[in-house]
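Following: one structure in structure tokens, then a few remarks.
Below, chain A is the first sequence line, B the second, and so on; all start at residue 1. Just so it is clear, the model here is predicted, and its values are computed rather than measured.
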Protein chains: 2
Amino acid sequence: MTTNKARGSTHLQIDQQICHSLYSAANALVRTYRPLLEPLDLTYPQYLVMLCLWQQDQVSVKALSQQTRLDSGTLTPILKRLEGKTLIERKRSRTDERQRVIHLSKKGRELRTQAESIPGAMTCLVDMSAEQARELKHLAELLYAGLPEHTHRT
Amino acid sequence: MTTNKARGSTHLQIDQQICHSLYSAANALVRTYRPLLEPLDLTYPQYLVMLCLWQQDQVSVKALSQQTRLDSGTLTPILKRLEGKTLIERKRSRTDERQRVIHLSKKGRELRTQAESIPGAMTCLVDMSAEQARELKHLAELLYAGLPEHTHRT
DNA sequence: CACAATTAGTTTGCGCACAATGTAATATCA
DNA sequence: TGATATTACATTGTGCGCAAACTAATTGTG
């Protein structure tokens with residue numbers, strides 16, 4: 001049984017912070033993605049958006065926002081950059097002038113081929129068993145879903 | 001047994017990305033910290049630095065960098081902001097003029113009291129068992145340590 | 001001792017992440 | 001139908017996160 005030092009609460013120790021572990025692991029993972037994404041000229045968040053579009057084209061910003069879990073203030077500049085690289089176009093919806101309809105260009109659709117190798121390459125770089133990775137993903141999802149901003153469904 | 005659609009590789013599906021789960025969970029956690037840290041006028045990374053200093057005062061930027069896992073290019077502006085709030089001072093080392101010695105001011109030391117309630121408050125906001133949280137932290141650490149940038153000890 | 005290599009930290013530039021505010025289009029309702 | 005509320009995005013401002021380039025001090029090495 002470890003007794004606390006008189007100094008104060010053990011809870012304020014940085015190595016006890018789940019958030020710090022998650023925070024630095026996520027940052028490190030994105031750093032690991034960087035060299036793999038560089039040939040595609042994509043950042044990780046841009047890659048996330050492309051993943052969504054490769055899965056389902058012609059979607060609204062809101063739909064992208066829900067799938068990527070990035071808010072519109074973050075997405076808008078990302079989408080503009082992707083448009084600048086002529087990977088996507090941002091048309092207005094005919095039926096609802098407020099909405100944008102994001103859709104892939106030919107170049108954007110073709111980029112998918114180059115991206116196919118990335119998940120495999122990442123798996124090699126991440127030194128974890130498939131089961132550990134699954135469990136980690138599962139727990140991260142659980143944490144995410146359990147946070148007040150999500151449980152707060154009025 | 002689920003058969004892949006002719007459409008292409010399943011690996012490019014966003015909901016299969018461990019990184020995305022980690023990424024959004026970490027961001028969401030930091031958002032959850034925000035209202036708790038606001039009374040202390042600290043951002044999450046600033047809080048991380050303060051945690052380190054409360055644990056051990058009078059340290060170099062390099063030491064802080066290792067403990068917070070933030071690089072010096074990130075730390076320098078953070079430290080300047082903390083100095084701007086008069087929570088810390090950034091003196092130069094006598095024995096090695098290259099080094100900074102970061103140390104808490106009286107105000108910085110006193111802020112610790114206000115911070116004591118934060119870990120407990122976060123635990124309440126995170127809807128996970130202590131064991132799940134421990135496991136999540138453990139797996140995140142495992143992932144972090146297993147990435148090439150760390151295993152690459154020449 | 002001179003001089004190259006290393007180390008500690010800073011600066012610069014870019015791209016998020018996000019709260020807050022704004023704007024325009026649509027939906028709701030009196 | 002006309003006022004009001006809501007919705008979908010865009011904009012602004014601040015603070016990271018980090019690669020790359022830079023500065024200055026220290027440590028080798030010949």
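Between the CG atom of A:D41 and the C1' atom of C:dC14 there is a distance of 13 Å, rounded to whole Å. Distance CD (B:E97) to P (D:dT23): 19 Å, rounded to an integer number of Å. Rounding to whole angstrom units, CG of residue B:L42 and P of D:dT14 are separated by 18 Å. Rounded to a whole Å, the CD1 atom of B:I78 is 12 Å from the C1' atom of D:dC18. Taking atom NZ of residue B:K91 and atom P of nucleotide C:dG9, one finds them 16 Å apart after rounding to whole Å. Rounded to a whole Å, the CZ atom of A:R100 is 13 Å from the P atom of C:dA24. The separation between B:D96 atom CG and C:dG9 atom P is 8 Å, rounded to whole Å. Per the geometry, CZ belonging to A:R90 stands 5 Å off P belonging to D:dA10, to the nearest Å.
No contact: B:R92 has no heavy atom under 4.0 Å from any strand.
The salt bridge (Lys or Arg N to Asp or Glu O under 4.0 Å) contacts involving residues 71-80 of chain A comprise nothing, where partners must be two or more places apart or lie in separate chains.
Under a cut-off of 6.0 angstrom, the local environment of NZ in B:K62 is sparse, with at most 12 non-hydrogen atoms contributed by other residues, nucleotides or ligands.
Looking at the side chain of B:Q99, the nearest of the listed nucleotides C:dT10, C:dG9, D:dA8 is C:dG9. If you check C:dC16, C:dA8, D:dC9 against the side chain of A:V61, the one that comes closest is D:dC9.
Dashed line: the shortest gap from a side-chain N or O of A:R98 to OP1 or OP2 of C:dT23 is not under 4.0 Å. Note on B:R34: every side-chain N or O is 4.0 Å or more away from OP1 and OP2 of C:dC18. Close to D:dC16, at under 4.0 Å from its OP1 or OP2, lies a side-chain N or O of B:Q46. The phosphate of C:dG15 (OP1 or OP2) has no side-chain N or O of A:K80 nearer than 4.0 angstrom.
Remark: B:E38 does not engage B:R34 in a salt bridge, criterion side-chain N to carboxylate O under 4.0 Å. A salt bridge links A:R69 to A:E141: at least one charged side-chain nitrogen sits closer than 4.0 Å to a carboxylate oxygen.
Contacts between residues 63-76 of chain A and DNA chain D, counted as heavy-atom distances below 4.0 Å, involve A:S72, A:G73, A:T76.
Here the rule is side chain to side chain donor-acceptor pair (under 3.5 Å) with A:E110, and of A:K106, A:Q114, A:K107 only A:K106 fits it.
Between A:P77 and A:N27, the residue whose closest nucleotide on DNA chain D is further toward the 5' end is A:P77. Between A:R94 and A:Y44, the residue anchored closer to the 5' end of DNA chain C is A:Y44, taking for each the nucleotide with the nearest heavy atom.
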Should B:S105 and B:E89 be marked as a side chain to side chain donor-acceptor pair (under 3.5 Å) after you check the CA-CA gap, both sets of side-chain angles, and the distance that decides it? CA-CA 7 Å; B:S105 68; B:E89 278 181 80; over 6 Å; no
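Looking at residues two or more places apart in sequence or on another chain, you find no side chain to side chain donor-acceptor pair (under 3.5 Å) involving A:T68.
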